[in-house]
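See structure below.
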Amino acid sequence: MTSERLDQPRDLRRSLRPHYDPEAFGRLSEQIARFLGTARFIVYMTVFVATWVTWNVAAPDHLKFDPYPFIFLTLMLSLQASYAAPLILLAQNRQDDRDRIQYEQDRETAERNQAEIEYLTREIAGLRLALNEVATRDYLRSELGRLLEELRERR
């Protein structure tokens, strides 16, 4: 009977499953999805298919490798599409995750800004109330002017 020791790491176990870095795979899928969405990819695919069809129609019979119904070309394009679709979905999911994080950060920033605005609004209201109780320069001038007029009138 073997007891596991907590002060030592476990032995590495061999697994038959291949190991991959999900983050690196995700970045690669985004790069592929970005490339699949460009005019350059469409031009490359058009040139590839046109070359394939032209070769298999115009080449001598002993050099043709995919005669007229172009079954092998269809298989190649289906294989490309079967890999492209999940890669595009993976890239979209990663973008959704980034958007969700950005939305949360924006929401938190908006909440902080709202709290600061409310605080500043209360501060301004407090200053206005305090200024109503303080004699301003214009008020003092008008009062001194009124008193001066009263003194002149009494003389």
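FYI, side chains are in, hydrogens and waters are out, and symmetry mates aren't considered; it's all heavy atoms of this structure. Sequence positions, counted from 1, serve as the residue numbers for this chain.
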TODO: Go through D96 and Q92 one step at a time and tell me if the side chain to side chain donor-acceptor pair (under 3.5 Å) criterion holds.
DONE: CA-CA 6 Å; D96 288 344; Q92 286 176 341; over 6 Å; no

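The salt bridge (charged side-chain N to carboxylate O under 4.0 Å, His left out) search around R112 returns none, not counting sequence neighbours. With sequence neighbours left out, the ring pair (Phe, Tyr, Trp, His ring centres under 6.0 Å) criterion links Y44 to no other residue. Looking at residues two or more places apart in sequence or on another chain, you find a side-chain contact (heavy atoms from CB on, under 4.5 Å) between R17 and S15. Not a single salt bridge (charged side-chain N to carboxylate O under 4.0 Å, His left out) links D66 to another residue, sequence neighbours left out. Residues passing the salt bridge (charged side-chain N to carboxylate O under 4.0 Å, His left out) test with R128: none are found, sequence neighbours excluded. Residues satisfying the side chain to side chain donor-acceptor pair (under 3.5 Å) criterion with Q105, sequence neighbours excluded, are absent altogether. For E118, there are no salt bridge (charged side-chain N to carboxylate O under 4.0 Å, His left out) partners, not counting sequence neighbours.
Sequence neighbours left out, not one pair with a member in residues 75-131 passes ring pair (Phe, Tyr, Trp, His ring centres under 6.0 Å). Residue pairs meeting the salt bridge (charged side-chain N to carboxylate O under 4.0 Å, His left out) criterion with at least one member in residues 80-92, sequence neighbours excluded, do not occur. Among pairs with a residue in residues 37-57, none fulfils salt bridge (charged side-chain N to carboxylate O under 4.0 Å, His left out), at least two apart in sequence or across chains.
You'll find the side chain of V49 reaches within 4.5 Å of the side chain of L77, heavy atoms only.
Of the possible donor and acceptor atoms, none in the side chain of N56 sits under 3.5 Å from a partner among the backbone N and O of Y68.
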Output side-chain donor-acceptor pairs under 3.5 Å for residues 25-32, partner residues at least two apart or in another chain, one line each.
residue: S29; atom: OG; partner: G26; partner atom: O; Å: 2.7
residue: E30; atom: OE2; partner: R94; partner atom: NE; Å: 3.0
residue: E30; atom: OE2; partner: R98; partner atom: NH1; Å: 2.8
residue: E30; atom: OE2; partner: R98; partner atom: NH2; Å: 3.0

For residues 141-153, tabulate all N or O donor-acceptor pairs below 3.5 Å that involve a side-chain atom, not counting sequence neighbours.
residue: S142; atom: OG; partner: D138; partner atom: O; Å: 3.4
residue: S142; atom: OG; partner: Y139; partner atom: O; Å: 2.7
residue: E143; atom: OE1; partner: R146; partner atom: NH2; Å: 2.8
residue: R146; atom: NH1; partner: E150; partner atom: OE2; Å: 2.7

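Of the inter-residue distances, the one linking N93 atom CG with I88 atom CD1 reads 12.0 Å to the nearest 0.5 angstrom.
Residue R107 places its CZ atom among more than 12 non-hydrogen atoms of other residues, nucleotides or ligands, all under 6.0 Å distant.
When all heavy atoms of A91 and A33 are compared, the closest pair comes out as CB-CB, 3.7 Å.
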